[in-house]
Visitor: 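Got a structure here, written out as structure tokens. Questions coming.
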Amino acid sequence: MPRSRSRSPAPRSSRRKDVEDTGEGSRRKYERSGVRPRDDRERRRSPIYDNHAEDGRDRRYGPRRTREDPGRSSRRDGWDRDKGRDDGRQQRDHRYDQDIRRDRSPEADQRGIERYGGSSGPPPPPRRRSPSPDGEVDKAKPNFSNSGLLAAATNTVKHSDGGATVLKYNEPPEARKPSHGWRLYVFKGKEDAGVLHIEKQSAYLIGRDHIVADIPIDHPSCSKQHAVIQFRQVQEKNEYGDSKAVVKPFIIDLESTNGTHVNDDTIPVSRYYELKASDVFSSGTSAPTFVYDDPSDDEDAELIALLSLLASFSSIPNLLESITNFLTDHVFLPLVSILAAFFPKLPLLKSHLIPTVYTSRSQPVAFSTKRRGSDEKLVNESKRRVWGMEEFVSIKCPSLRKPFEPPWQLPNGHAQTINSAFADYTDVDLVEYDRTLLQLQDGGQIGLDFTPRKDSINSSELDPKTPTIVIAHGLTGGSYESYIRCILSTACKPKREGGLGYRAVVVNFRGCSGVKLKTYQIYSPGYTDDFRTALLYISNLYPAAPLLGIGFSFGGSVVARYAGEEGSRSWLKAACSLGCPWDLVSEDKRLDNSFLLRKVYSAAMATNVIALIKENLESIRRGPKIPGCLDLDGLLALPNPTFHDITEFLTSKVGGHPSSGFPFKTAAAFCKWASAEQRIQGIRVPYLILNAVDDPCVKNIPYEAVEMNGWVALVTTAHGGHLGWFERERYHEVKDRQLYKRWFRKPVLEWLQACAEDLVDVRVGERSGCVENGDGWVRQNDNSLIAYKIVGIGMEAKQKEAGVISGL
């Protein structure tokens, strides 16, 4: 049967140069010419696939034949005709594929069949175009490659003021936390600046940006995000060829300006550089120097194992001592207390319940007293009696010579503390207040709750010389606390009813007891200017009245620090602290390292602070601009915050005025500054300290500091918990539940009465006066930061905020 002729345009010699030949003759032709056949990618980039050439002519059908083209032999014409049919079919398929890419609907498929011919069946699948070698992507197709937007959003740290910081580093998949304690020794020149423990995270960012940096450096030669210490899991082989996974530290420079130096050599940029034991590295030119220490170096493994073994043997006595103390505090003493409750006539069981009084024997101080009720200015020195601190406490506070007997239901510190926090004492020791609201120099506010109220009968009986008690509450507390009302219900009761007939003022600090947070600054145990401002207002209101200070927990730290800072110039004639945490550094570590203390007490205190922040969040945002070191949104987003987190991210940054050193770089630096123990040596007024040995929140009692100051008396009890001290005596007016009275109200009231009415004022320094301006502000003479403006008088005192646990 004769072969039919193709309807496609006749093949041309110029056309054969642009289209790939696939037959056997084509291969022989290329072998003779020495030209390599083009692959599929080169064929797709040939001019035959371009719809329009540079000269404007349509190239889908190839270039036209010219008259100068040479002819062909008859033998080659047959091959040319067959090749022309193949070329025409390729051009039809190409035009068909282009239309299919433009529109993939079924109608387009049918139009392509009708236009280009072919069977009525489904068209062949379109050819997939592979990306070009130079990275070009077909924009007509969906692009599922990584755009980087999700990674950018993930690496963005948002600030509370609306700004944002984009992290320059992501941890690799092999990132791991180290299994043992890695350390960095910090040196500033030749001075030792401390030790950083870097075993709690898998990566530590070094830089000048305090918001994102784990190890902040303030030197100007350091970049904002300078370098990262990354722990990575890598495979190592031993001498036998066995492979094992180990976690090693690496440092990577984040394209910093001045580079990162390890052992005085600049390390490559954006590459991991392994750190070895005793390596010295620095960020920038004159930034602090870090010395890396690996406690598990393989070279010293045998020595470390030997030392660990010796340490284990040497720690056996310490371990036995710890076990003995635990059994004594939590088993033996509670058992003795329970037996003493059932057998009250056995004096042997009550001997350990008698409080212990510590006074200084190396630095004794003498006190002069007068007859109670007489004017000390009219009493001759010959008629005054001189007392030592130990004798004064023993005679004037007789309740300290009697045992403190807790009920058998509350035998230890945990039970006492929990009862203080969750028992409902709102129906007993009722006290009514009048609130005065003071605005401070920086825009913050404090509330002063006075009792008795001005419209009460008891208030009219008070003269200007009536002793006034000034109270500082505990963490997130206020005038509503039961441990405050148990003192004031008796101290402010008229003498004809069995009270002392005193006046009292409770200082409600920023954000506490209904006082709004107008600025980002919050109440902290180390900042005393707010308490100093309250004393300035009270002394200006009652200039002839002796002021007596009482501080509970963190408030005890504020009162003690104020008395130590002022010395003999203090506005307080005498003071006392109850349940005060004297060494905040050790207490913070103890609460954070113990599972029970961290999950119960530390979490409860953090919950209180978070509740106050949430309650005043809008007021904080409307106030002065929040500093960049404070990330409120990040703090509120913490899943299970502890009190260490509150100290690290909040209190150490905005717990005081910048003039006092805020913000502090770390929680440890803040706790060292805020510890009241270091201020005991400066106290120059009679001061009473009361702490319980079984207090779960406070363990470090300042015995040595008290020994060095004769103005201070320390009283410890075997039981009492944190601000508990519940004794067996109950409130009889409450019938539906058992509510126990607090024992400490007896010695505290005896101490206050003795100091206010019997003690001759020992203060020799001149107190600071105040100046009242025409704009309503009253300022202290020698300190312009101590200023107040009255913004409300006679207001109603508010109860505790929702979600706040009492008794802390």
Visitor: CD of Gln678: more than 12 outside heavy atoms within 6.0 angstrom?
Guide: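 Yes, enclosed.
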Visitor: Answer yes or no: is there a donor N or O on one side and an acceptor on the other, between the side chain of Arg485 and the main chain of Tyr480, under 3.5 Å?
Guide: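 Side chain of Arg485 to backbone of Tyr480, a donor-acceptor pair under 3.5 Å: yes, one is there.
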Visitor: Might you point out which heavy atoms bring Asn508 and Ser513 nearest each other, and give the distance in Å?
Guide: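 Shortest heavy-atom separation between Asn508 and Ser513 comes out as OD1-CB, 3.3 Å.
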Visitor: Do the numbers put Arg503 on top of the ring of Phe450, so that NZ or CZ is under 6.0 Å from the six-membered ring centre and no more than 45° off the axis?
Guide: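 Not satisfied by the 6.0 Å and 45° rule.
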Visitor: Using a 6.0 Å cut-off, check whether atom CD of Glu565 has over 12 heavy atoms from anything other than its own residue.
Guide: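 Enclosed.
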Visitor: Could you check whether the rings of Trp387 and Phe392 sit parallel, tilted or perpendicular, using 30° and 60° as the cut-offs?
Guide: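 Geometry flag for Phe392 against Trp387: perpendicular rings.
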Visitor: For Tyr601 and Thr417, what are the C-alpha separation, side-chain angles and deciding distance, and is it a side-chain hydrogen bond (donor to acceptor under 3.5 Å, both in side chains)?
Guide: CA-CA 10 Å; Tyr601 300 104; Thr417 304; 4.9 Å; no
Visitor: Before you tell me yes or no, could you show the steps for Arg737 and Asp427 under salt bridge (Lys or Arg N to Asp or Glu O under 4.0 Å), namely the whole-Å CA-CA distance, both residues' side-chain angles and the distance that decides it to 0.1 Å?
Guide: CA-CA 11 Å; Arg737 58 187 183 277; Asp427 298 334; 3.0 Å; yes
Visitor: Is a side-chain donor-acceptor pair under 3.5 Å present for Asn691 with Thr716?
Guide: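 Not at all, the side chains of Thr716 and Asn691 share no donor-acceptor pair under 3.5 Å.
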Visitor: Fit a plane to each ring of Tyr523 and Phe509, take the angle between them on a 0 to 90° scale, and name the class: parallel (under 30°), tilted (30 to 60°) or perpendicular (over 60°).
Guide: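 Correct class here is parallel.
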Visitor: Which is it for Asp529 and Arg532 under the salt bridge (Lys or Arg N to Asp or Glu O under 4.0 Å) test, yes or no, and what are the steps along the way?
Guide: CA-CA 5 Å; Asp529 281 356; Arg532 188 176 279 105; 2.8 Å; yes
Visitor: When you compare the side chains of Ser602 and His644, does any donor N or O come within less than 3.5 Å of an acceptor on the partner?
Guide: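 Their side chains do not contain a donor-acceptor pair, so the 3.5 Å distance test is not met.
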Visitor: Tell me if the CZ atom of Arg361 is crowded by more than 12 foreign heavy atoms within 6.0 Å.
Guide: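 Atom CZ in Arg361 is not packed in, count stays at 12 or less.
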Visitor: Tell me every residue that passes side-chain hydrogen bond (donor to acceptor under 3.5 Å, both in side chains) with Asn709, counting only those two or more places apart in sequence or in another chain.
Guide: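 If we apply the side-chain hydrogen bond (donor to acceptor under 3.5 Å, both in side chains) test to Asn709, skipping adjacent residues, there are no hits.
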Visitor: Quick one: closest heavy-atom pair of Pro406 and Leu353, and the distance?
Guide: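 Taking every non-hydrogen atom into account, CD-CD2, 4.4 Å.
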Visitor: Looking at Phe595, I want to see if its CZ is surrounded by more than 12 non-hydrogen atoms of other residues, nucleotides or ligands under 6.0 Å.
Guide: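 Open.
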Visitor: Examine the side chains of Ser399 and Glu750 and answer whether a donor and an acceptor come within less than 3.5 Å of each other.
Guide: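 Per modelled atom types, Ser399 and Glu750 side chains form a pair under 3.5 Å.
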Visitor: Can you name the salt bridge (Lys or Arg N to Asp or Glu O under 4.0 Å) partners of Asp449, sequence neighbours left out?
Guide: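 Salt bridge (Lys or Arg N to Asp or Glu O under 4.0 Å) list for Asp449, sorted by chain: Arg435.
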Visitor: I'd like to know whether Tyr740 forms a side-chain contact (heavy atoms from CB on, under 4.5 Å) with Arg728, so could you lay out the CA-CA distance, the side-chain angles of the two residues, the decisive distance to 0.1 Å, and finally the verdict.
Guide: CA-CA 6 Å; Tyr740 301 97; Arg728 297 174 189 171; 5.6 Å; no
Visitor: Using salt bridge (Lys or Arg N to Asp or Glu O under 4.0 Å) as the criterion, list what pairs up with Asp583, not counting sequence neighbours.
Guide: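 In terms of salt bridge (Lys or Arg N to Asp or Glu O under 4.0 Å), with neighbours along the sequence ignored, Asp583 is linked to no residue.
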Visitor: If you take the centroid of each ring, where Trp contributes its six-membered ring, are Trp711 and Tyr687 closer together than 6.0 Å?
Guide: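 Ring centroids of Tyr687 and Trp711 are no less than 6.0 Å from each other.
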Visitor: Give a yes or no on this: more than 12 heavy atoms of other residues, nucleotides or ligands lie within 6.0 Å of atom NZ of Lys672.
Guide: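 No, the 6.0 Å shell around NZ holds no more than 12 heavy atoms from other groups.
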Visitor: Does a sphere of radius 6.0 Å around CD in Glu497 hold more than 12 heavy atoms from other residues, nucleotides or ligands, not counting ones at 6.0 Å or beyond?
Guide: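 Counting neighbours around CD of Glu497, more than 12 heavy atoms of other residues, nucleotides or ligands fall under 6.0 Å, so yes.
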Visitor: Which class fits the ring pair Phe664 and Trp673: parallel under 30°, tilted 30 to 60°, perpendicular over 60°?
Guide: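 Tilted.
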Visitor: Of all the heavy-atom pairs spanning His473 and Val507, show the shortest one and how long it is.
Guide: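 Where His473 meets Val507 most closely, the heavy atoms are CD2-O, 3.1 Å.
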Visitor: Indicate the atoms forming the closest heavy-atom contact of Arg684 with Ser568, along with that distance.
Guide: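 Looking at all heavy atoms of both residues, the shortest contact is CB-N, 3.6 Å.
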Visitor: Between Asp463 and Thr466, does the side-chain hydrogen bond (donor to acceptor under 3.5 Å, both in side chains) criterion hold? Intermediate values first, please.
Guide: CA-CA 6 Å; Asp463 57 51; Thr466 299; 3.2 Å; yes
Visitor: Please say whether the positively charged group of Lys741, taken as NZ for Lys or CZ for Arg, lies over the ring of Tyr731, i.e. under 6.0 angstrom from the six-membered ring centre and within 45 degrees of the axis.
Guide: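 So Lys741 does make the cation-pi contact.
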Visitor: Is the shortest side-chain N to carboxylate O distance from Glu727 to Arg745 below 4.0 Å?
Guide: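 Answer for the salt bridge query: yes.
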Visitor: When you measure from the side chain of Ser539 to the backbone of Leu535, do you find a donor-acceptor pair of N or O atoms at a distance under 3.5 Å?
Guide: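 Between the backbone of Leu535 and the side chain of Ser539 there is a qualifying donor-acceptor contact (under 3.5 Å).
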Visitor: State, without any angle test, whether Trp582 and Ser675 hold a side-chain donor-acceptor pair at a distance under 3.5 Å.
Guide: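 Per modelled atom types, Trp582 and Ser675 side chains form no pair under 3.5 Å.
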Visitor: I'd like to know if Asp592 and Arg598 make a salt bridge, using a cut-off of under 4.0 Å between side-chain N and carboxylate O.
Guide: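 No, this pair does not count.
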Visitor: Evaluate the ring-ring contact (aromatic ring centres under 6.0 Å, His included) criterion for residues Phe726 and Tyr425: first the C-alpha distance (whole Å), next the side-chain angles of each, then the deciding distance (0.1 Å), finally the verdict.
Guide: CA-CA 12 Å; Phe726 295 100; Tyr425 282 82; 5.7 Å; yes
Visitor: Relative to each other, are the rings of Tyr562 and Phe531 parallel, tilted or perpendicular (30° and 60° limits)?
Guide: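 Plane angle over 60°, so perpendicular.
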